[in-house]
2 protein chains.
Amino acid sequence: MYSAVMSTPERLIEATRALLWDRGYVGTSPKAVQQAAGAGQGSMYHHFAGKSDLALAAIRRTAEELGAEVEAVLGGGGTAYSRIEAYLLRERDVLRGCPVGRLTMDPEIIADPVLRTPVDEVLGRVRARLAAVVQEGLDDGEFGTRLDAEDVAATILATVQGGYVSARAAGTRDSFDRAVRGLLGLLAPRTTGH
Amino acid sequence: MYSAVMSTPERLIEATRALLWDRGYVGTSPKAVQQAAGAGQGSMYHHFAGKSDLALAAIRRTAEELGAEVEAVLGGGGTAYSRIEAYLLRERDVLRGCPVGRLTMDPEIIADPVLRTPVDEVLGRVRARLAAVVQEGLDDGEFGTRLDAEDVAATILATVQGGYVSARAAGTRDSFDRAVRGLLGLLAPRTTGH
DNA sequence: GTCTATAGGCCGATAGAC
DNA sequence: GTCTATCGGCCTATAGAC
């Protein structure tokens, strides 16, 4: 139940965001949204055309928020390695998973270009931002040679997204943390050679 | 609709496996299973106690199959690197995602220990198998030094699971392939040093 | 803007005939 | 084993009063 200081549309969007995160699109019903938002049936349909319209507003906001958070971490100062480390180690509710990545498992979202687009766009932006940082690191000789920045960026994003999967399967964030440590180990500047 | 040469329970399990893969647990209804299996309502409830019982049979079989496939690839000959490469490059229906990993996004599966256990177990076994191969590679000096085999194994599994997420978001397998290439680049024996 | 009433259909399951 | 009938409840809206 969201605070009454928020407008009804606001509360509906926030309730939908939380439900999409936890239960996905298929598992989220208008009725559940209304109850969580403290709004009536007629009220919801007055402000939004229907379930998919409400989901679109929720997804857009979640995507926007994620994009801003990632930019805040990757746009900071320090070496490329330290910024990637900061991205990988940033606070996460690991067992809850990624509010955006989770949506890719929903067939109805993947099948609908309107709903899929914001999901595709943020993940694409995160990947591009990671690639830029990796490229900086390559230019500065921070990482091993002969690496492709776009490829490594895809690996970093995938490690995070897949880390959630492992962690949720196990019921503990342990495997997420392991995956991140493993990746950092592979990325780490090897000053001693081998 | 599954071939009539299969018994009714067989057809029900196979239909459930396909639906769980594509639509998840929440998105899979007994009615849809019956139609796909060509079985009636009463028939389904005669062979299985209900939706979760049927899902359990389906999940167990899918998990078993995945475990065997992974073992076939990782248990083969060649260097550790080449076996990991074979695992990463094995044929996959990338846009369909992982039939096991997908289930971790289902709150009802994660919340039910009976349904979650087979999911947790296979992914755990895959990770352990990967770790053994990585350790062999470390012992043979194939990889950079100072790496933890368990951590790297978690990274490999996560890259695959997360690769599916990226690919489904984009609607193309491209980012999956990139993530894999990036990981192989990071793992690659660097004979030239840097 | 919000409410209640109503709709047709699916949900997951049970009962009992054949 | 498989069938049809039936269940209470939820799904996603729509309609129209207030």
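In the text below, chain A, chain B and the rest are named by the order of the sequence lines, each starting its count at 1.
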Between atom NE2 in B:His47 and atom C1' in C:dA13, what is the gap in whole Å? 17 Å
In whole angstroms, how far is the P atom of C:dC3 from the CE atom of A:Met44? 13 Å
Just to confirm, is there a sub-4.0 Å distance from OP1 or OP2 of D:dC3 to any side-chain nitrogen or oxygen of B:His46? no
Phosphate-side-chain proximity, B:Thr8 and D:dG1, N/O vs OP1/OP2 below 4.0 Å: no
Using a strict 4.0 Å threshold on nitrogen-to-oxygen distance, state whether B:Arg61 and B:Glu64 make a salt bridge. no
For residues 116-129 of chain B, which residue pairs pass the side-chain hydrogen bond (donor to acceptor under 3.5 Å, both in side chains) check, not counting sequence neighbours? B:Glu71-B:Arg129
Quick one about A:Arg102 and A:Tyr164 (side-chain donor to acceptor, distance below 3.5 Å, no hydrogens or angles considered), yes or no? no
How long is the gap from CE on B:Met44 to CG on B:Leu54, to the nearest 0.5 Å? 5.5 Å
Rounded to whole Å, CZ of A:Phe48 lies from P of C:dT2 at a distance of 11 Å
Answer with yes or no whether the side chains of B:Arg23 and B:Thr28 bring together a donor and an acceptor at under 3.5 Å. no
Taking atom types as modelled, is there a side-chain donor on A:Gln161 or B:Gln161 under 3.5 Å from an acceptor on the other? no
Less than 4.0 Å between a side-chain N and a carboxylate O, is that true for A:Arg17 and A:Glu14? yes
Taking CD from A:Gln35 and C1' from D:dC10, how many angstroms apart are they, rounded to a whole number? 11 Å
Which residues in residues 106-115 of chain B have a heavy atom closer than 4.0 Å to any atom of DNA chain D? none
Along nucleotides 12-18 of chain D, 5' to 3', which nucleotides get a B, which get an S, and which get a -, given that the test is a protein heavy-atom distance under 4.0 Å? SBB----
Option from B:Ile156, B:Asp148, B:Leu147 for which side chain to side chain contact (heavy atoms under 4.5 Å, CB included) with B:Val134 holds: B:Ile156
